[in-house]
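These notes are about the structure you will find just below.
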Amino acid sequence: MVPIQENAMTAQLKRNFVEMNIRMTKNEALEEANRCLYCYDAPCIKACPTSIPIPNFIKKIASGNIKGSAMTIMEANPIGASCARVCPTEELCEGACVLNASTKPIKIGHLQRYATDWAMDSDVELFKQGQSNGLKIAIVGSGPAGLSAARELSRFGYSVTIFEAEAKAGGLGNYGIVSFRLPNNVVDWEIEQVIKLGVDIKTNTRVGVDISADDILARYDSVILAVGMGSVPKLGIEGEDLAGVHDAIEFVKQTKIGSLTEEIVGKRVAVIGAGNTAIDGATCAVRLGAEQVEILYRRTEKEMTAYKFEYEFAKQDGVGFKWLTAPKRVIGDETGKVVGLECVKMQLGEPGVDGRQRPEEVKGSEFVMELDAIIKAIGQTRFIQLIEAFGLQHTNGVVDIDETTMQTSNKKVFACGDVVFGNGQGEAMVVTAAQQGKDAAYIIHERLRKPSEIA
Ligand code: SF4
């Protein structure tokens, strides 16, 4: 393995889970806001999955109305503070900014963070609970989709209960996105906004264990399933249950709750997979003190699924990449601890049914990497048992929905977020999940309103 080149930046990165991006100063925010052309029919709005009125919130920053700016953002996106940090803005709003053609795009993400940070620091009340309409909604899962749906439904006057299996609410935000991109205090603030609207979040409550799906279906007027995805699936190779082989989802979660130590990770780490979760696992390992971190992928750089900015970020952290490389066998010592990984070189063959070239082993190309830890990041499993407990039709764990109504095979149950992502349905972005949560809330409201109230 190639050791990470030690320099001032990597030395600083190690053991450092503090947020990376620096907040704009007031002057920087004003200067940037004043560059905006406040376009008519602004393409940046169209590129935002939650349709934040971007020129509008930027203009409010320019005129000193920061509360108004934060309200504009949070009205359109109930997790607008998180999205200011985790959205791939260069592929969305900033990528669509007209100024790309002449100078450089407006730093929309930074301005969004500036306004929402102000709201967090000021502890202002942004929204009010609606007058009770006597109807009850259950939401399973408190991640981006669940929180967004809850916020909107509560403003409409529904009594909303969220069932959350973890000890804390927030889902992906509090457990799945690395702290140096999204600190927990930001997610906690967004959760608090929802709780202040009267939403009851029952944490440590597993549907199917602490309450049954049938109970929920019987007690609530409508149900939203927003449970996201599960753990990393098995590699299916010898030795993968040895100590020192980590599931990337669990690995990142442990860094978020602070229970991982340098000793657990060791100095030499291989990450299997090349999506955004693999990048998260690799960059967390660097911050935990690993000196040699390499990502192994059975295809090439061209086919990797990680965002370009995530790829660049990993390279800046000193993470290495072994393309066309697949794991064959995890090697352990006499104590049952990982000491190596046997790999094999691959080549791309004929396209499969999905149109992608199939990776094939190059015979006789096996080699061994000496390692202290392995992080598996080859996708995520689905909560099939839970989906079936509600009696919902699904395709390989992806809940089947009517894309216009978010309705599942049970007319009372709607689904949104990662639980409907996959098999060509939707896009696995936090901001998309937030919009789907809003959509589910609006559709439920439309369906449950009394006929006399429908215009
Ligand atoms: Fe401002 Fe760019 Fe949006 Fe135009 S496209 S309103 S310049 S941020």
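Order of listing sets the numbers, starting from 1, for every ligand and every atom in it. Just so it is clear, the structure is predicted and the values come from calculations on it, not from any experiment.
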query: Can you list the ligand 1 atoms lying under 4.0 Å from a non-hydrogen atom of I108?
result: 8 (S)
query: For atom 1 (Fe) of ligand 1, what is the nearest protein heavy atom, given as residue, atom name and distance?
result: C36 SG, 2.4 Å
- prompt: Which protein non-hydrogen atom lies closest to atom 4 (Fe) of ligand 1, naming both residue and atom, and how far is it?
  reply: C39 SG, 2.3 Å
field: Minimum-distance pair of heavy atoms, taken over all atoms of I162 and G146
entry: CD1-O, 4.3 Å
query: Where do S222 and F414 come nearest, in terms of heavy atoms and distance?
result: OG-CE1, 3.4 Å
- prompt: Evaluating non-hydrogen atoms only, which member of A47, P43, C97 is closest to atom 2 (Fe) of ligand 1?
  reply: C97
query: Have T203 and E166 got a donor and an acceptor in their side chains that come within less than 3.5 Å?
result: no
message: Please classify the I45 to ligand 1 contact at 4.0 Å (heavy-atom distances, strictly less than): side chain, backbone, both or neither.
response: neither
query: Any idea which protein heavy atom is nearest atom 3 (Fe) of ligand 1, and the distance to it?
result: C44 SG, 2.4 Å
task: Examine Y311 together with F321 and report whether their ring centres are nearer than 6.0 Å.
output: yes
Residue, atom name and distance, where the atom is the protein heavy atom closest to atom 7 (S) of ligand 1: L37 N, 3.4 Å
Neighbour count above 12 (heavy atom, 6.0 Å) for K412 NZ: yes
query: Does a donor on one side chain sit under 3.5 Å from an acceptor on the other, for H110 and E28?
result: no
Ligand 1 atoms in contact with P55 (distance to a heavy atom under 4.0 Å): 6 (S)
